[in-house]
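For the numbers below, each heavy atom of this structure counts, side chains included, while hydrogens, waters and symmetry mates do not. When a residue number appears, it is its place in the shown sequence, counting from 1.
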Amino acid sequence: MDALALLIAATLNAGTVLAIAGLGLLINERAGIVNLGAEGMMLVAAIAGFATAVMSGSIGLGFVAGAGAGMLMALAFGVLVIWLNTNQYATGLALSLFGVGFSAFIGIGFTQSRLGAPASHTIPLLGDLPFVGPALFRHHPMVYFAVLLALALAWFLYRSRAGLVLRAVGESPESAHALGYPVRRIRLAAVLAGGALCGLAGAYLSLVYSPLWMEGMVAGRGWIALALTTFATWRPARVLLGAYLFGGVTMLQFHLQGQGVQVASQLLSMLPYLATIVVLVLISRNANFIKVNMPASIGKPFHPGA
């Protein structure tokens, strides 16, 4: 039972990175913007957050710096694709490549740095319960933030006027523009919000999940988060569940190794990425299902004068 509780706790911890980044990318795509630069944004945010925490001694400032770094990169992306109408896919890939190289360059001086001992986080009374205490109630506040974020985003998209406008911009920007809504500014706000969340996910990775800096430490999580939005058919609750699914697959490899299961380590390391490919292949078999749920204008430029 103790081993299962630890596996559940590790799954929630690993899934938080994917959940926060995936929800940020969902906001982008609901507004009709595809940002393939999540990997690079998360890497820059990870080193920005870690460097800030090392120099200031404050984890909180590290999260602020990570979110700020994500927003700055998202701003550059937004200006290029929303106002200059550059290709969203090519621009996102360029942003990702830039983030990989830039984070490696500025992180050279922090590879040997270490943060202080992590603070313990336990919800009073609930954290002392057998099994469910260590499994669910002894996590960093960001783990619970991811759950609340998914619930808040679901309410925003389907129960608020602003969420309706955002979805209208993603479905038919021309119609939204004809009704007087500032499509470009709404899309930019969505891109910035998504960038901030990707930044928080990157900062969580270097400040809490693995409190150190290592080149390329995001290790494909940005791409998995991007795949999560399709896997979840652009619904926040499904993004959260999918993040925990992939987080569980990631942690399963270490659990199996700890239990002495004789499986090649290379095969176990492949599991998260293999699961991502399998899920996307299964979903893509039904093209109509994707079309019904996908925002109609996703990936397409908007020309207000057309």
Side-chain angles (χ1 to χ4, degrees), residues 11-12 14-39 41-42 74 81 88-89 92 145-173 175-176 186-187 189-191 193-195 197-198 200-201 220-250 271-300 302:
T11 295
L12 295 177
T16 296
V17 178
L18 299 174
I20 296 175
L23 291 170
L25 294 172
L26 183 144
I27 295 173
N28 287 190
E29 295 184 14
R30 276 295 183 181
I33 301 293
V34 177
N35 187 351
L36 300 185
E39 184 85 2
M41 292 164 60
M42 291 172 68
V81 303
Q88 293 182 21
Y89 302 99
F145 169 76
V147 177
L148 293 176
L149 177 65
L151 295 175
L153 187 55
W155 177 87
F156 172 78
L157 289 174
Y158 301 109
R159 293 290 184 269
S160 71
R161 180 178 177 83
L164 177 62
V165 171
L166 179 69
R167 289 190 291 129
V169 167
E171 292 291 341
S172 179
S175 299
I186 291 171
R187 283 187 162 183
V191 168
L197 291 177
C198 284
L200 283 176
R221 290 178 178 86
W223 298 109
I224 294 178
L226 190 68
L228 265 179
T229 59
T230 304
F231 165 77
T233 58
W234 295 272
R235 296 178 183 274
R238 294 179 185 176
V239 168
L240 186 67
L241 292 175
Y244 292 145
L245 171 64
F246 288 113
V249 172
T250 302
L271 285 178
Y273 311 103
L274 184 61
T276 303
I277 294 172
V278 170
V279 167
L280 288 177
V281 169
L282 292 175
I283 290 177
S284 299
R285 292 175 63 187
N286 189 341
N288 291 329
F289 180 73
I290 295 293
K291 289 180 180 178
V292 166
N293 292 279
M294 182 176 65
S297 71
I298 192 169
K300 300 177 183 177
F302 167 63

* Asked: Can you tell me how far the CG atom of Leu240 sits from the CG atom of Leu245, to the nearest 0.5 Å?
  -> 11.5 Å
* Asked: Considering residues at least two apart in sequence or located in another chain, which fulfil the side-chain contact (heavy atoms from CB on, under 4.5 Å) criterion with Ala201?
  -> Val17, Ile20, Ala21, Met42
* Asked: Which side chain to side chain donor-acceptor pair (under 3.5 Å) pairs, counting each pair once, include a residue from residues 148-157, with sequence neighbours left out?
  -> none
Quick one: does any side-chain atom of [X] pair with a main-chain N or O of [Y] as donor and acceptor, under 3.5 Å?
{"X": "Arg238", "Y": "Phe231", "value": "no"}
{"X": "Glu39", "Y": "Gly220", "value": "yes"}
{"X": "Arg221", "Y": "Leu18", "value": "no"}
{"X": "Arg30", "Y": "Trp234", "value": "yes"}

* Carefully, step by step, assess Val191 and Val81 under the rule side chain to side chain contact (heavy atoms under 4.5 Å, CB included). => CA-CA 10 Å; Val191 168; Val81 303; 5.7 Å; no
* Can you check whether Leu149 reaches Leu197 side chain to side chain, under 4.5 Å on heavy atoms? -> yes
* Asked: Can you find a pair of side-chain heavy atoms, one from Leu226 and one from Trp223, that are under 4.5 Å apart?
  -> yes
* To do: Give the C-alpha distance, both sets of side-chain angles, the deciding distance and a yes or no for side chain to side chain contact (heavy atoms under 4.5 Å, CB included) between Leu153 and Phe156.
  => CA-CA 5 Å; Leu153 187 55; Phe156 172 78; 4.2 Å; yes
* Structure fact -> For Gly15 and Tyr244 the tightest heavy-atom approach is CA-CD2, 4.0 Å
* Atom of Leu26, atom of Pro236 and distance for their closest heavy-atom approach -> CD1-N, 3.8 Å
